[in-house]
Each structure stands twice: as structure tokens, then as C-alpha cells.
> 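First, the structure itself, so that you have it in front of you.
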2 protein chains.
Amino acid sequence: MGASKNSIHSNYCIEVAEIAKVFSHPARVAILLYISKEDTCICNDIVSEIGLSQATVSQHLEVINKAGIIRGTFKGNSKCYDINIERFKDLQVLLNSFFATTKANCC
Amino acid sequence: MGASKNSIHSNYCIEVAEIAKVFSHPARVAILLYISKEDTCICNDIVSEIGLSQATVSQHLEVINKAGIIRGTFKGNSKCYDINIERFKDLQVLLNSFFATTKANCC
DNA sequence: ATACATAATCGCAATATTGCAATATTACTA
DNA sequence: TAGTAATATTGCAATATTGCGATTATGTAT
């Protein structure tokens, strides 16, 4: 089908999966690492760094943005992206709660 | 395209993304939580619990298995799945290294 | 207002993922 | 060796994702 049968899953499972999906593409991981490393965070610099087209990078930025992990503000006609640390920490807590629950107890 | 341009990304980014992809579907999250909760971990019970067809569940189990997170052993003609804790912890460490590197420093 | 630079959106093509029915395989049992 | 129960694989249809060129929108400066 291509579409997940979300209705049969708990909200918790859906939420964990949605968070993980943000990090499930190497370009998005690279973008987040780049924004973290650089003091500038200019969108155009991200395009140069990542090696994908401007349109594609913009789409990946939108995915990360929709999850609330980054915020963009215009500086001149460039856009400057920054990590929303509070939100990012919240997502980490949720993922780590899932990790902590996952353990072996049989076989 | 549908295919990731992996060649332009670092191995680290690809690895983080591949791990995240395992957890990026609610059924796989639900399967891991179920295996963790139950003492039995019988494949058939997972099918009943998750609410997807046997074929679909088997495919999700294969994705998790390929990542090395679970191991299956036959008990009778049923298969019993268990978490590979060592591997799971390794993946956690890698993801957490990525989380720790991601921080705000501009804008 | 016009011109320029930069970023977002649209439309498309190619590939990936999800889901299931049908079939094949595996492990056990009589 | 059949027969049965349980799991894996195959083949297919439907939807999602990825990527990019072209276009549109946004912001700045002259």
C-alpha cells in the first residue's frame, strides 16, 4: 500500500515513529549536524555543504521544521536556521523512554 | 527519485539514518514494545497483537532482524523472538552521540 | 518601482515502502 | 512419509518518498 495503517497503532507508537522518520534520511542528519557545527546556519551554505539541489534541501528543511526541531529567521535575504533545543530535548526524552522500555526477557 | 543519494553523505549520517529508519514505522515500534513486554515473544502472538496480516508482520520482523536488533529461534514450530540487547545498546549509543552533537549556537 | 539575491513551492519522474493474498518453506508429529 | 501448524517468500497494487528543473514568493538595495 505505501501508507501506514496508523489507526491500529497506539498514539505512542505513532509518535515515536514520526520522530524517528525525521532522522531516517542521511541528508536530514547531515543538515542537523551542519546547523549544529556552524555559527552561521545560512540556508545557502547548507545547500553547498550537503550537495543536493536547493529545492531538495528546502524540502528536507521543511520536514525538520514541521517536527519543530529547527526555526528559520531571515537575515537580509538569506535565511538563518537554528535548532530549537527545548523541542529537540523533548523528542530525545520520548525516544529514550522507548529505548528504556525495550529489553530482553525471554528465549 | 525515491532513492537516497547516499554517495554524497558521510558513513556516519547514513548509519544514523539507517538506524532511525528501523524505528520509523509504528508497527515496528509496537512489535519491539510487545517483545519487550511479553515473556513469550511467539511470532503468532505478535500477529494477533499488532493487527496486521501475518505476511506484513513477517516483513517488519525481517527489517528489525536485518538491523540485528532481534533474534528468532524455533520453539516447536513456532518462532520465538528476543531482543539482542548488546546490539540495541550499541545503536542507542550511536543515536545518542548524534543527539549530543546536535545543539544550537547561532541566530 | 526595478533589479537582484535567496528561499519556497509546483509539477513531474523514478524509486521505495507498505500491505495483503497466495504460495512455499520449515519444524514437528503421528 | 504424510499431515498439520507456523513462518517466510513472492508477486502485485496503492501510496509515499526522494530529487530536480522551473517557477513563484520573499527580502533587500539602488
Side-chain angles (χ1 to χ4, degrees), chain A residues 1-9 13-14 17-31 34-35 40-67 70-82 107, chain B residues 1-9 13-14 17-31 34-35 40-67 70-82 107:
Chain A
M1 285 274 165
S4 301
K5 261 187 151 184
N6 270 348
S7 57
I8 64 172
H9 302 297
C13 290
I14 293 171
E18 274 175 355
I19 297 169
K21 192 171 277 186
V22 176
F23 308 122
S24 73
H25 193 291
R28 292 196 284 270
V29 173
I31 287 171
Y34 183 75
I35 292 179
T40 49
C41 318
I42 300 298
C43 182
N44 209 347
D45 295 343
I46 300 174
V47 173
S48 312
E49 170 78 10
I50 302 300
L52 292 167
S53 76
Q54 182 265 321
T56 303
V57 170
S58 189
Q59 280 180 332
H60 283 304
L61 282 168
E62 176 57 18
V63 172
I64 305 172
N65 183 58
K66 242 190 246 168
I70 54 174
R71 280 171 301 205
T73 48
F74 273 100
K75 303 266 174 168
N77 32 17
S78 298
K79 204 161 190 179
C80 185
Y81 281 102
D82 196 22
C107 306
Chain B
M1 284 274 160
S4 300
K5 261 186 148 186
N6 270 347
S7 57
I8 65 171
H9 302 296
C13 290
I14 293 170
E18 274 175 355
I19 297 167
K21 191 170 278 185
V22 177
F23 308 122
S24 73
H25 193 291
R28 292 196 285 272
V29 174
I31 287 170
Y34 182 76
I35 293 179
T40 49
C41 319
I42 299 299
C43 181
N44 209 346
D45 295 343
I46 300 175
V47 173
S48 312
E49 170 78 8
I50 301 299
L52 292 167
S53 75
Q54 182 266 320
T56 303
V57 170
S58 188
Q59 280 178 333
H60 283 303
L61 282 167
E62 176 57 18
V63 172
I64 305 172
N65 183 59
K66 241 190 244 167
I70 54 174
R71 279 171 302 205
T73 48
F74 273 99
K75 303 265 173 167
N77 34 16
S78 297
K79 204 161 188 179
C80 185
Y81 280 103
D82 196 23
C107 304

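Convention: sequence-line order gives letters A, B, ...; per-chain numbering from 1.
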> Round to the nearest Å and state the distance from A:Gln54 atom CD to D:dT24 atom P.
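These atoms are roughly 15 Å apart.
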> Rounded to the nearest 0.5 Å, how far does CZ of A:Arg71 lie from CD1 of A:Ile35?
11.5 Å
> D:dA8 phosphate, OP1 or OP2: any side-chain N/O from B:Tyr81 under 4.0 angstrom?
yes
> Find the distance A:Asn6:CG to C:dT17:C1' and express it as a whole number of Å.
14 Å
> Under 4.0 Å: is that the gap between some side-chain N or O of A:His60 and OP1 or OP2 of D:dT17?
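Looking at the OP1 and OP2 atoms of D:dT17, neither is under 4.0 Å from any side-chain N or O of A:His60.
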> Enter the distance from B:Thr73:OG1 to B:Lys79:NZ here, rounded to the nearest 0.5 Å.
8.5 Å
> D:dA16 C1' sits how many Å from A:Lys5 NZ, rounded?
17 Å
> Rounded to whole Å, how long is the line connecting atom CG of A:Leu61 with atom P of C:dA8?
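Atom CG in A:Leu61 sits about 7 Å away from atom P in C:dA8.
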> Is A:Ser58 reaching over with its side chain to a backbone N or O of A:Ala55, donor-acceptor style, under 3.5 angstrom?
no
> Separation of B:Ile46 atom CD1 from D:dA8 atom P, in whole Å?
9 Å
> Measure from the side chain of B:His25, starting at C-beta and using heavy atoms only, and say which of D:dG19, C:dT9, C:dG19 lies closest.
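Nearest listed nucleotide: C:dG19.
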> Could you give the distance from CD1 (B:Ile46) to CG (B:Leu52), rounded to the nearest 0.5 Å?
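The CD1 atom of B:Ile46 sits 12.0 Å away from the CG atom of B:Leu52.
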> Per the side-chain hydrogen bond (donor to acceptor under 3.5 Å, both in side chains) rule, what does the pair list look like for residues 43-53 of chain A, sequence neighbours excluded?
A:Ser53-A:Thr56
> Using only side-chain N and O atoms of A:Asn44, determine if any of them is under 4.0 Å from OP1 or OP2 of C:dA5.
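It does not, given that no N or O in the side chain of A:Asn44 lies less than 4.0 Å from OP1 or OP2 of C:dA5.
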> Looking at DNA chain C, which of residues 70-77 of chain A put a heavy atom within less than 4.0 Å of it?
A:Asn77
> Starting at the 5' end of DNA chain C and moving along, which residue's nearest nucleotide shows up first, A:Ser58 or A:Ala3?
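Nearest-nucleotide comparison on DNA chain C picks A:Ser58.
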> Mind checking the CD1-SG spacing from B:Ile31 to B:Cys41? Nearest 0.5 Å is all I need.
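Going from CD1 on B:Ile31 over to SG on B:Cys41, the span is 12.0 Å.
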> Could you pull out every donor-acceptor pair under 3.5 Å between side chains of residues 60-67 of chain A and any protein atom, sequence neighbours left out?
residue : atom : partner : partner atom : Å
A:His60 : ND1  : A:Arg28 : NH1          : 3.0

> Just compare D:dT7, D:dC20, C:dA7 and give me whichever is closest to any side-chain atom of A:Ile42.
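Output: C:dA7.
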> D:dC12 P sits how many Å from B:Gln59 CD, rounded?
15 Å
> Hey, does A:Thr56 reach any base, or is it just sugar-phosphate, or nothing, if we go heavy atoms under 4.0 Å?
base
> Once you round it to whole Å, what is the distance between P of D:dT17 and CD of A:Glu62?
13 Å
> Output the rounded distance in Å from NZ (B:Lys79) to C1' (D:dT7).
7 Å
> A:Lys21 side chain N/O closer than 4.0 Å to the phosphate oxygens (OP1, OP2) of D:dA16?
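Indeed not, no polar side-chain atom of A:Lys21 lies that close.
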> Between A:Ser78 and B:Leu52, which has a closest nucleotide on DNA chain C that is more 5'?
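The residue closer to the strand's 5' end, by nearest nucleotide, is A:Ser78.
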